[in-house]
2 protein chains.
Amino acid sequence: MDQLRETLKGHHLRTTTCREDVLSTFITKKNALSHGDLEGALGENYDRVTIYRTLKTFLEKGIIHKVLDDEGLRYALCSHNCSEEKHHHDHIHFKCSECGETNCLENLHIPAVQLPNGYQPENFNLLIQGVCPKCG
Amino acid sequence: MDQLRETLKGHHLRTTTCREDVLSTFITKKNALSHGDLEGALGENYDRVTIYRTLKTFLEKGIIHKVLDDEGLRYALCSHNCSEEKHHHDHIHFKCSECGETNCLENLHIPAVQLPNGYQPENFNLLIQGVCPKCG
DNA sequence: AATAATTGTGCAACTTTGTTGCAAGTGATA
DNA sequence: TATCACTTGCAACAAAGTTGCACAATTATT
(Lines give C-alpha, C1' and ligand atoms only; values in the text may rest on other atoms or scores of the structure.)
Protein backbone atom coordinates (compact mmCIF):
# COMPACT_ATOMS: atom_id res chain seq x y z
CA MET A 1 0.00 0.00 0.00
CA ASP A 2 2.48 2.56 -1.12
CA GLN A 3 -0.25 4.89 -2.24
CA LEU A 4 -1.09 5.59 1.37
CA ARG A 5 2.49 6.63 2.08
CA GLU A 6 2.44 8.83 -0.98
CA THR A 7 -0.70 10.60 0.13
CA LEU A 8 0.62 11.16 3.62
CA LYS A 9 3.96 12.41 2.39
CA GLY A 10 2.25 14.62 -0.14
CA HIS A 11 0.59 16.36 2.78
CA HIS A 12 3.79 16.53 4.81
CA LEU A 13 2.86 13.90 7.32
CA ARG A 14 4.93 11.09 8.76
CA THR A 15 3.68 7.68 7.87
CA THR A 16 2.49 5.79 10.90
CA THR A 17 0.36 2.67 10.98
CA CYS A 18 -2.54 4.52 12.56
CA ARG A 19 -2.59 7.14 9.83
CA GLU A 20 -2.29 4.48 7.15
CA ASP A 21 -5.16 2.51 8.66
CA VAL A 22 -7.43 5.51 9.08
CA LEU A 23 -6.72 6.65 5.54
CA SER A 24 -7.26 3.20 4.16
CA THR A 25 -10.56 2.90 6.03
CA PHE A 26 -11.78 6.07 4.37
CA ILE A 27 -10.70 4.76 0.98
CA THR A 28 -12.31 1.36 1.27
CA LYS A 29 -15.54 2.41 3.00
CA LYS A 30 -16.05 5.32 0.60
CA ASN A 31 -18.86 6.92 2.66
CA ALA A 32 -18.54 9.60 5.33
CA LEU A 33 -17.33 8.32 8.68
CA SER A 34 -17.70 9.56 12.22
CA HIS A 35 -15.11 9.23 14.92
CA GLY A 36 -17.26 6.45 16.35
CA ASP A 37 -17.21 4.57 13.04
CA LEU A 38 -13.42 4.65 13.01
CA GLU A 39 -13.23 3.69 16.63
CA GLY A 40 -15.45 0.73 15.84
CA ALA A 41 -13.25 -0.29 12.91
CA LEU A 42 -9.85 0.35 14.45
CA GLY A 43 -10.45 0.84 18.14
CA GLU A 44 -8.74 -2.35 19.16
CA ASN A 45 -5.54 -1.26 17.54
CA TYR A 46 -5.41 2.39 18.49
CA ASP A 47 -6.38 4.61 21.34
CA ARG A 48 -9.50 6.76 21.06
CA VAL A 49 -7.39 9.85 21.56
CA THR A 50 -5.06 8.95 18.73
CA ILE A 51 -7.98 8.62 16.37
CA TYR A 52 -9.27 12.03 17.41
CA ARG A 53 -5.86 13.51 16.77
CA THR A 54 -5.50 11.76 13.45
CA LEU A 55 -8.81 13.19 12.29
CA LYS A 56 -7.79 16.64 13.42
CA THR A 57 -4.48 16.37 11.59
CA PHE A 58 -6.11 15.08 8.41
CA LEU A 59 -8.58 17.97 8.54
CA GLU A 60 -5.84 20.53 8.92
CA LYS A 61 -3.76 19.07 6.14
CA GLY A 62 -6.66 18.90 3.73
CA ILE A 63 -6.93 15.12 3.48
CA ILE A 64 -10.50 15.00 4.75
CA HIS A 65 -13.34 17.48 5.14
CA LYS A 66 -16.22 17.81 7.57
CA VAL A 67 -19.64 16.57 6.59
CA LEU A 68 -22.49 18.19 8.51
CA ASP A 69 -25.11 15.89 9.89
CA ASP A 70 -28.10 16.23 12.15
CA GLU A 71 -26.81 13.62 14.53
CA GLY A 72 -23.12 14.33 14.75
CA LEU A 73 -20.18 15.28 12.57
CA ARG A 74 -18.76 13.00 9.94
CA TYR A 75 -15.70 13.21 7.74
CA ALA A 76 -14.97 12.25 4.15
CA LEU A 77 -11.97 12.25 1.85
CA CYS A 78 -11.21 15.37 -0.09
CA SER A 79 -11.17 14.34 -3.71
CA HIS A 80 -9.37 17.36 -5.02
CA ASN A 81 -6.17 18.83 -3.86
CA CYS A 82 -7.11 20.51 -0.66
CA SER A 83 -4.20 21.71 1.40
CA GLU A 84 -3.20 23.21 4.69
CA GLU A 85 -3.86 26.62 3.20
CA LYS A 86 -7.35 25.99 2.02
CA HIS A 87 -10.14 23.55 1.57
CA HIS A 88 -12.39 23.90 -1.40
CA HIS A 89 -15.61 21.94 -1.65
CA ASP A 90 -18.84 22.72 -3.33
CA HIS A 91 -20.35 19.29 -3.76
CA ILE A 92 -23.53 17.95 -2.23
CA HIS A 93 -23.80 15.40 0.57
CA PHE A 94 -26.62 12.88 0.64
CA LYS A 95 -27.70 11.02 3.75
CA CYS A 96 -29.96 8.01 3.42
CA SER A 97 -32.58 7.68 6.12
CA GLU A 98 -32.80 3.92 5.54
CA CYS A 99 -29.21 2.70 5.61
CA GLY A 100 -27.88 5.75 7.43
CA GLU A 101 -24.97 6.21 5.05
CA THR A 102 -23.82 9.66 4.08
CA ASN A 103 -22.02 10.07 0.79
CA CYS A 104 -20.40 12.81 -1.22
CA LEU A 105 -22.02 13.42 -4.59
CA GLU A 106 -18.80 14.71 -6.08
CA ASN A 107 -20.30 15.53 -9.44
CA LEU A 108 -23.14 17.61 -8.09
CA HIS A 109 -22.25 21.16 -7.25
CA ILE A 110 -24.16 23.37 -4.89
CA PRO A 111 -26.09 25.89 -7.01
CA ALA A 112 -25.13 29.53 -6.66
CA VAL A 113 -27.14 31.58 -4.21
CA GLN A 114 -27.71 35.31 -4.38
CA LEU A 115 -27.22 36.55 -0.84
CA PRO A 116 -28.47 39.94 0.39
CA ASN A 117 -25.98 42.80 0.48
CA GLY A 118 -23.31 42.56 3.11
CA TYR A 119 -23.07 38.80 3.38
CA GLN A 120 -19.63 37.48 2.41
CA PRO A 121 -19.91 33.74 1.85
CA GLU A 122 -16.82 31.58 2.19
CA ASN A 123 -18.01 28.09 2.65
CA PHE A 124 -21.01 26.04 1.58
CA ASN A 125 -22.45 22.88 3.02
CA LEU A 126 -25.55 21.24 1.63
CA LEU A 127 -26.94 18.05 3.12
CA ILE A 128 -29.86 16.36 1.43
CA GLN A 129 -31.62 13.66 3.39
CA GLY A 130 -33.83 11.03 1.81
CA VAL A 131 -33.66 7.56 0.37
CA CYS A 132 -30.66 6.47 -1.67
CA PRO A 133 -30.75 4.29 -4.81
CA LYS A 134 -29.65 1.19 -2.90
CA CYS A 135 -32.55 1.46 -0.44
CA GLY A 136 -35.20 2.98 -2.71
CA MET B 1 -47.10 37.21 27.54
CA ASP B 2 -50.23 35.51 26.33
CA GLN B 3 -48.75 34.92 22.91
CA LEU B 4 -46.47 32.31 24.38
CA ARG B 5 -49.42 30.42 25.86
CA GLU B 6 -51.19 30.63 22.53
CA THR B 7 -48.25 29.14 20.68
CA LEU B 8 -47.85 26.33 23.17
CA LYS B 9 -51.55 25.54 23.19
CA GLY B 10 -51.64 25.67 19.42
CA HIS B 11 -49.13 22.84 19.45
CA HIS B 12 -51.01 20.90 22.12
CA LEU B 13 -48.59 21.57 24.91
CA ARG B 14 -49.19 22.47 28.51
CA THR B 15 -47.95 25.88 29.46
CA THR B 16 -45.17 25.73 32.00
CA THR B 17 -42.74 28.42 32.97
CA CYS B 18 -39.82 26.53 31.48
CA ARG B 19 -41.49 26.19 28.12
CA GLU B 20 -42.54 29.82 28.18
CA ASP B 21 -39.02 30.93 29.01
CA VAL B 22 -37.36 28.75 26.38
CA LEU B 23 -39.82 29.92 23.74
CA SER B 24 -39.40 33.51 24.74
CA THR B 25 -35.62 33.17 24.58
CA PHE B 26 -35.87 31.95 20.99
CA ILE B 27 -38.17 34.85 20.14
CA THR B 28 -36.03 37.57 21.65
CA LYS B 29 -32.60 36.26 20.61
CA LYS B 30 -33.76 35.59 17.06
CA ASN B 31 -30.64 33.58 16.10
CA ALA B 32 -30.17 29.83 16.31
CA LEU B 33 -29.44 28.55 19.81
CA SER B 34 -27.69 25.48 21.13
CA HIS B 35 -28.63 23.63 24.27
CA GLY B 36 -25.63 25.28 25.87
CA ASP B 37 -26.86 28.73 24.94
CA LEU B 38 -30.17 28.06 26.62
CA GLU B 39 -28.50 26.56 29.62
CA GLY B 40 -26.42 29.70 29.88
CA ALA B 41 -29.49 31.89 29.65
CA LEU B 42 -31.86 29.89 31.84
CA GLY B 43 -29.68 27.37 33.63
CA GLU B 44 -30.15 28.92 37.02
CA ASN B 45 -33.87 28.53 36.80
CA TYR B 46 -34.19 25.11 35.24
CA ASP B 47 -32.40 21.81 35.25
CA ARG B 48 -30.19 20.86 32.31
CA VAL B 49 -32.31 17.81 31.72
CA THR B 50 -35.50 19.82 31.56
CA ILE B 51 -34.01 22.02 28.88
CA TYR B 52 -32.99 18.95 26.86
CA ARG B 53 -36.51 17.60 27.15
CA THR B 54 -38.07 20.92 26.27
CA LEU B 55 -35.99 21.11 23.09
CA LYS B 56 -36.96 17.57 22.18
CA THR B 57 -40.63 18.32 22.72
CA PHE B 58 -40.48 21.56 20.71
CA LEU B 59 -38.77 19.69 17.87
CA GLU B 60 -41.41 16.99 17.82
CA LYS B 61 -44.26 19.45 17.91
CA GLY B 62 -42.84 21.57 15.12
CA ILE B 63 -42.07 24.68 17.14
CA ILE B 64 -38.35 24.63 16.37
CA HIS B 65 -36.14 22.98 13.77
CA LYS B 66 -32.57 21.75 13.77
CA VAL B 67 -29.83 23.89 12.32
CA LEU B 68 -26.77 21.96 11.19
CA ASP B 69 -23.46 23.32 12.27
CA ASP B 70 -19.88 22.18 12.11
CA GLU B 71 -19.45 22.52 15.82
CA GLY B 72 -22.66 21.23 17.29
CA LEU B 73 -26.39 21.29 16.66
CA ARG B 74 -28.43 24.42 17.06
CA TYR B 75 -32.14 25.08 16.95
CA ALA B 76 -34.26 27.89 15.60
CA LEU B 77 -37.94 28.78 15.53
CA CYS B 78 -40.06 27.43 12.73
CA SER B 79 -41.58 30.44 11.08
CA HIS B 80 -44.31 28.63 9.22
CA ASN B 81 -46.80 26.22 10.54
CA CYS B 82 -44.78 23.12 11.11
CA SER B 83 -46.54 20.42 13.05
CA GLU B 84 -46.14 17.07 14.69
CA GLU B 85 -46.81 15.46 11.34
CA LYS B 86 -44.24 17.28 9.33
CA HIS B 87 -41.61 19.93 9.24
CA HIS B 88 -41.10 21.89 6.10
CA HIS B 89 -38.09 24.10 5.64
CA ASP B 90 -36.20 25.13 2.59
CA HIS B 91 -34.52 28.30 3.72
CA ILE B 92 -30.81 28.94 4.03
CA HIS B 93 -28.81 29.22 7.26
CA PHE B 94 -25.91 31.61 7.53
CA LYS B 95 -23.20 31.30 10.14
CA CYS B 96 -20.86 34.21 10.75
CA SER B 97 -17.27 33.25 11.44
CA GLU B 98 -16.68 36.53 13.28
CA CYS B 99 -19.54 36.79 15.76
CA GLY B 100 -20.40 33.11 15.68
CA GLU B 101 -24.10 33.71 15.22
CA THR B 102 -26.17 31.46 13.01
CA ASN B 103 -29.33 32.86 11.51
CA CYS B 104 -32.15 31.72 9.30
CA LEU B 105 -32.43 33.60 6.03
CA GLU B 106 -36.14 32.96 5.78
CA ASN B 107 -36.54 34.66 2.45
CA LEU B 108 -33.82 32.75 0.69
CA HIS B 109 -34.82 29.35 -0.55
CA ILE B 110 -32.46 26.54 -1.32
CA PRO B 111 -32.21 26.26 -5.12
CA ALA B 112 -33.54 23.08 -6.69
CA VAL B 113 -31.01 20.35 -7.36
CA GLN B 114 -31.24 17.73 -10.05
CA LEU B 115 -30.25 14.49 -8.34
CA PRO B 116 -29.20 11.35 -10.24
CA ASN B 117 -31.81 8.66 -10.80
CA GLY B 118 -32.83 6.74 -7.74
CA TYR B 119 -32.29 9.42 -5.14
CA GLN B 120 -35.48 10.42 -3.33
CA PRO B 121 -34.85 13.66 -1.49
CA GLU B 122 -36.99 14.57 1.49
CA ASN B 123 -35.11 17.19 3.39
CA PHE B 124 -32.65 19.96 2.58
CA ASN B 125 -30.18 21.72 4.79
CA LEU B 126 -27.85 24.38 3.50
CA LEU B 127 -25.39 26.16 5.76
CA ILE B 128 -23.34 29.01 4.37
CA GLN B 129 -20.42 30.18 6.46
CA GLY B 130 -18.78 33.54 6.05
CA VAL B 131 -18.99 37.08 7.36
CA CYS B 132 -22.35 38.65 8.13
CA PRO B 133 -23.32 42.27 7.44
CA LYS B 134 -22.86 43.28 11.07
CA CYS B 135 -19.26 42.06 11.12
CA GLY B 136 -18.30 42.75 7.48
C1' DA C 1 -63.91 24.70 43.89
C1' DA C 2 -61.98 20.22 44.94
C1' DT C 3 -60.25 16.12 43.27
C1' DA C 4 -58.45 12.72 39.99
C1' DA C 5 -55.81 11.77 35.97
C1' DT C 6 -52.19 13.14 33.30
C1' DT C 7 -48.07 15.30 32.16
C1' DG C 8 -43.75 17.88 33.44
C1' DT C 9 -39.71 18.69 36.49
C1' DG C 10 -35.62 17.97 39.42
C1' DC C 11 -32.35 15.01 41.12
C1' DA C 12 -29.06 11.40 40.91
C1' DA C 13 -26.58 8.39 38.44
C1' DC C 14 -24.76 7.07 34.31
C1' DT C 15 -22.98 6.85 29.29
C1' DT C 16 -20.87 8.92 25.50
C1' DT C 17 -18.05 12.26 23.36
C1' DG C 18 -14.26 15.18 23.22
C1' DT C 19 -9.84 17.47 25.41
C1' DT C 20 -5.22 18.07 27.75
C1' DG C 21 -0.56 17.06 29.81
C1' DC C 22 3.03 14.18 30.04
C1' DA C 23 6.23 10.22 29.55
C1' DA C 24 7.65 6.79 26.42
C1' DG C 25 7.98 5.30 21.63
C1' DT C 26 8.70 5.86 16.59
C1' DG C 27 10.02 7.83 11.99
C1' DA C 28 12.98 10.76 9.11
C1' DT C 29 17.36 12.74 8.46
C1' DA C 30 22.25 13.06 8.40
C1' DT D 1 22.74 4.33 14.10
C1' DA D 2 22.30 8.44 16.80
C1' DT D 3 19.66 12.48 17.03
C1' DC D 4 15.70 15.36 17.06
C1' DA D 5 11.16 16.22 16.29
C1' DC D 6 6.90 14.38 16.04
C1' DT D 7 3.41 10.75 17.43
C1' DT D 8 1.21 7.67 20.59
C1' DG D 9 -0.96 5.76 24.84
C1' DC D 10 -2.34 6.51 29.26
C1' DA D 11 -4.66 8.85 32.85
C1' DA D 12 -7.40 12.26 34.21
C1' DC D 13 -10.65 15.43 33.17
C1' DA D 14 -14.56 18.23 31.00
C1' DA D 15 -18.58 18.56 28.35
C1' DA D 16 -22.70 16.72 26.27
C1' DG D 17 -26.48 13.81 26.38
C1' DT D 18 -29.64 9.96 28.51
C1' DT D 19 -32.59 7.31 31.85
C1' DG D 20 -35.46 6.11 35.98
C1' DC D 21 -38.00 7.59 39.55
C1' DA D 22 -40.37 10.40 43.06
C1' DC D 23 -42.59 14.60 43.50
C1' DA D 24 -44.88 18.79 41.58
C1' DA D 25 -47.70 21.24 38.49
C1' DT D 26 -51.33 21.44 35.01
C1' DT D 27 -55.55 20.02 32.90
C1' DA D 28 -59.93 17.67 32.95
C1' DT D 29 -63.90 16.02 35.65
C1' DT D 30 -67.29 16.33 38.80
Side-chain angles (χ1 to χ4, degrees), chain A residues 1-25 32-64 66-75 84 100 102, chain B residues 1-2 4-25 32-61 63-64 66-75 84 100 102:
Chain A
M1 290 304 141
D2 246 7
Q3 200 196 334
L4 300 175
R5 304 179 92 88
E6 291 301 320
T7 303
L8 292 172
K9 285 207 173 175
H11 291 274
H12 312 101
L13 288 177
R14 290 189 180 175
T15 62
T16 67
T17 55
C18 180
R19 286 172 180 172
E20 286 178 326
D21 282 356
V22 168
L23 184 51
S24 123
T25 305
L33 303 173
S34 65
H35 172 269
D37 293 333
L38 288 161
E39 198 182 332
L42 306 171
E44 304 197 347
N45 305 318
Y46 309 104
D47 194 86
R48 265 161 29 81
V49 178
T50 304
I51 297 176
Y52 276 114
R53 290 198 264 228
T54 302
L55 286 171
K56 195 178 170 199
T57 305
F58 280 12
L59 262 182
E60 287 166 359
K61 298 293 181 175
I63 297 178
I64 58 177
K66 287 185 183 179
V67 178
L68 270 51
D69 191 292
D70 63 340
E71 47 188 10
L73 264 187
R74 291 172 189 276
Y75 306 89
E84 231 155 323
T102 305
Chain B
M1 293 303 138
D2 244 9
L4 300 175
R5 302 181 92 89
E6 291 302 319
T7 303
L8 292 172
K9 286 210 171 173
H11 290 274
H12 310 102
L13 288 177
R14 288 189 180 177
T15 62
T16 68
T17 56
C18 180
R19 286 173 179 170
E20 286 178 327
D21 281 357
V22 169
L23 184 52
S24 121
T25 305
L33 303 173
S34 65
H35 172 270
D37 293 334
L38 288 161
E39 197 183 331
L42 306 171
E44 304 197 349
N45 305 317
Y46 308 104
D47 194 86
R48 266 162 28 81
V49 178
T50 304
I51 297 176
Y52 276 115
R53 291 198 265 227
T54 302
L55 286 172
K56 195 179 170 201
T57 305
F58 280 12
L59 262 181
E60 287 166 359
K61 298 293 180 175
I63 297 178
I64 58 177
K66 288 185 184 180
V67 177
L68 270 51
D69 190 295
D70 63 340
E71 47 188 11
L73 265 188
R74 290 172 189 277
Y75 305 89
E84 230 155 324
T102 305

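Keep in mind that this is a model prediction, so the values were computed, not measured. The chains referred to below are lettered A, B, ... by the order of the sequence lines, with proteins before strands, and numbering in each begins at 1.
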Using every non-hydrogen atom in the two residues, find where E20(A) and L4(A) come nearest and quote the distance to one decimal. O-CD1, 3.7 Å

How far apart are the closest heavy atoms of T50(A) and C18(A), and which atoms are they? CG2-SG, 3.7 Å

Grab the NE2-P distance between H35(B) and dG18(C) for me, whole Å please. 17 Å

Mind calculating the distance between CG (D47(A)) and P (dG21(C)) to the nearest angstrom? 17 Å

Whole Å only: how far is the CD atom of E39(B) from the P atom of dA15(D)? 10 Å

What nucleic acid atoms does R53(B) come within less than 4.0 Å of, heavy atoms only: base, sugar-phosphate, or nothing? base

Separation between OG1 (T7(A)) and CZ (F58(A)), nearest 0.5 Å, reads 9.0 Å

Run the numbers on D70(B) and L68(A) for side chain to side chain contact (heavy atoms under 4.5 Å, CB included), then give the verdict. CA-CA 6 Å; D70(B) 63 340; L68(A) 270 51; 3.9 Å; yes

Using OP1 and OP2 only, check whether a side-chain N or O of T15(A) sits under 4.0 Å from dA28(C). yes

Over all strands shown, is T57(A) touching base, sugar-phosphate only, or nothing at heavy-atom distances under 4.0 angstrom? nothing

In whole angstroms, the gap separating P of dT19(C) from NZ of K56(A) amounts to 7 Å

Provide the closest heavy-atom pair for H12(B) versus E84(B) in the form atom of the first, atom of the second, distance. ND1-OE1, 4.4 Å

Could you state the CG-P distance from L13(B) to dT7(C), rounded to the nearest angstrom? 12 Å

Where the side chain of V49(B) is concerned, which of dT19(D), dT8(D), dT19(C) is the nearest nucleotide? dT19(D)

Strictly below 4.0 Å: does T16(B) bring a side-chain N or O up to OP1 or OP2 of dT9(C)? yes

Rounded to whole angstrom units, what separation is found between the CG atom of L59(B) and the P atom of dG17(D)? 12 Å

Please compare G36(A) and T54(B) by the position of their nearest nucleotide in DNA chain C and report the one closer to 5'. T54(B)

Roughly how many Å is it from CZ in R48(A) to C1' in dA15(D), rounded to a whole number? 12 Å

Is R14(B) side chain donor-acceptor paired with the dT6(C) base, going by distance under 3.5 Å alone? yes

Let me know the distance between NE2 of H12(A) and C1' of dG27(C), rounded to the nearest Å. 16 Å

When you measure only distances, ignoring hydrogens and angles, does the side chain of R19(B) come within 3.5 Å of the base of dG8(C) through a donor and an acceptor? no

